[in-house]
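To keep things clear, I will list the structure first and then write my remarks on it.
In what follows, chains are A, B, ... by sequence order, proteins preceding strands, each numbered from 1.
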Amino acid sequence: MLLGRMLNELSPLLRLRDLIDIPPVAPRGYAAAFPALNAWETQDGTALVVEAELPGLSIEQIDVTVLGNELSISGERRLAQEAENKGENGVTWLRRERAQGKFTRTITLPWDVDADRVEAKLINGVLTVTLPKVQSAQPKKVKLQSA
Amino acid sequence: MNTTNHEMTKSQDARVRRPQQDATWFTPLVDVAETPEAFLMQADIPGAKAESVDVSFDRGNLILQAEIEPRHSNEGKFLLREYGVGYYYRSFTLDTPIDADGIRAEMRDGVLSLYIPKSEAAKPRKIAVRAA
């Protein structure tokens with residue numbers, strides 16, 4: 001009885017934890033947005049960093065576009081040329097779990113960014129885009145004046 | 001080739017907590033092809049450097065592991081958090097005898113490529129038939 005009541009009281013918390021912890025999953029039959037993104041504000045508040053995992057893509061296969069406060073990441077992933085080329089006498093696929101094809105994802109940023117100073121780098125299959133905020137969106141320290 | 005651990009993918013069911021360890025583990029997605037001579041495997045391990053990837057083969061078990069350094073632990077406020085960063089682990093059981101010394105592994109752009117040659121005894125052979 002007591003245990004049951006305790007669990008009942010805890011359950012909203014458990015549900016909340018689920019909401020926070022579990023990344024978005026598309027409903028059955030729909031593709032999840034690709035690529036999945038992590039985005040955070042730098043600690044000094046001057047820029048936004050957007051990160052995506054794009055294993056197997058080279059720089060030439062990825063396009064990063066900034067227009068106003070919209071960021072688009074698009075590209076095409078082509079796979080498994082290697083195995084197919086080697087298969088002059090028969091390749092059997094035992095598993096094909098990795099996806100391929102064209103993708104585009106556009107997100108709206110909460111501030112305008114300085115498009116000329118946006119930087120993108122690709123290291124070990126991880127794309128990192130750093131988007132400095134425009135001057136007017138940067139945090140400013142206000143000086144207090146004594147009367 | 002069978003997968004012995006949970007059938008989970010990063011996007012579908014992100015977190016596998018292995019007992020004993022307090023880290024978050026992910027199961028990398030793989031492609032596996034078989035030719036008469038070898039198995040070819042590609043595994044997506046974004047964020048992994050060659051030196052942090054560990055491939056081992058022992059008595060028919062092939063184990064892939066990679067340690068990923070946290071990339072944004074001290075950062076500011078998150079606006080989107082759609083995937084986690086953690087370790088990677090996956091194991092396979094191979095029924096076919098393997099030439100373990102001939103296994104080659106290569107990391108490139110976050111993809112691990114493995115070439116796993118079959119042992120001589122497991123390769124197909126053509127037998128010449130002589131007229132008696």
Side-chain angles (χ1 to χ4, degrees), chain A residues 20-26 31-59 61 77 79-80 82-84 86-100 105 107 109-111 122-128, chain B residues 1-3 7 9-15 24 26-50 52-53 66 68-69 71-85 90 92 94 106-113 115 124:
Chain A
I20 296 166
D21 236 24
I22 291 171
V25 175
F34 184 88
L37 300 175
N38 280 347
W40 62 91
E41 213 180 332
T42 54
Q43 253 168 351
D44 58 6
T46 58
L48 179 72
V49 183
V50 178
E51 190 197 75
E53 292 183 328
L54 295 169
L57 275 88
S58 57
I59 307 170
Q61 291 169 308
R77 191 186 194 211
L79 293 177
E82 187 191 358
E84 260 143 18
K86 280 180 187 159
E88 64 274 2
N89 41 5
V91 165
T92 315
W93 286 103
L94 303 180
R95 275 171 192 279
R96 296 202 85 171
E97 299 169 352
R98 301 156 73 224
Q100 63 176 332
R105 183 144 186 214
I107 57 168
L109 309 170
W111 316 278
L122 183 69
I123 300 170
N124 296 324
V126 177
L127 174 74
T128 310
Chain B
M1 193 175 266
N2 307 306
T3 316
E7 287 286 332
T9 67
K10 188 153 189 166
S11 53
Q12 284 164 357
D13 202 351
R15 283 150 193 234
T24 307
F26 295 102
T27 304
L29 296 178
V30 299
D31 285 345
V32 184
E34 182 178 359
T35 71
E37 299 82 31
F39 295 102
L40 305 166
M41 184 189 290
Q42 263 103 37
D44 286 342
I45 314 180
K49 300 176 196 138
S52 55
V53 178
I68 311 288
E69 290 157 28
R71 292 195 288 268
H72 30 65
S73 51
N74 323 310
E75 294 294 340
K77 201 176 74 189
F78 268 85
L79 286 99
L80 286 173
R81 203 163 203 166
E82 297 178 348
Y83 63 90
V85 176
R90 193 155 180 184
F92 298 89
L94 283 87
E106 192 185 284
M107 266 311 284
R108 184 183 189 158
D109 295 334
V111 177
L112 172 70
S113 297
Y115 174 79

Subject >> Interatomic spacing from CD in Glu51(A) to CZ in Arg81(B) - rounded to 0.5 Å >> reply: 10.5 Å

**OP:** Decide yes or no on side chain to side chain contact (heavy atoms under 4.5 Å, CB included) for Val111(B) and Arg98(A), but give the supporting numbers first.
**Re:** CA-CA 11 Å; Val111(B) 177; Arg98(A) 301 156 73 224; 3.5 Å; yes

**OP:** Among Ile45(B), Asp44(B), Leu112(B), find the residue that satisfies the side-chain contact (heavy atoms from CB on, under 4.5 Å) test when tested with Pro55(A).
**Re:** Asp44(B)

**OP:** Output the distance between atom CG (Asp31(B)) and atom CD (Glu97(A)), rounded to the nearest 0.5 Å.
**Re:** 7.5 Å

Subject >> With Leu37(A) via side-chain contact (heavy atoms from CB on, under 4.5 Å) - residues at least two apart >> reply: Pro35(A), Val50(A), Ala52(A), Ile73(A), Arg105(A), Ile107(A), Leu80(B), Glu82(B)

Subject >> Leading residue by heavy atom contact count with chain B [cutoff under 4.5 Å; candidates Val126(A), Leu122(A), Thr128(A), Asp44(A)] >> reply: Val126(A)

**OP:** State which residues pass side-chain contact (heavy atoms from CB on, under 4.5 Å) with Leu79(B); sequence neighbours excluded, sorted by chain then number.
**Re:** Ala39(A), Glu41(A), Leu48(A), Pro110(A), Trp111(A)

**OP:** To the nearest 0.5 Å, tell me how far Asn38(A) CG sits from Tyr83(B) OH.
**Re:** 4.5 Å

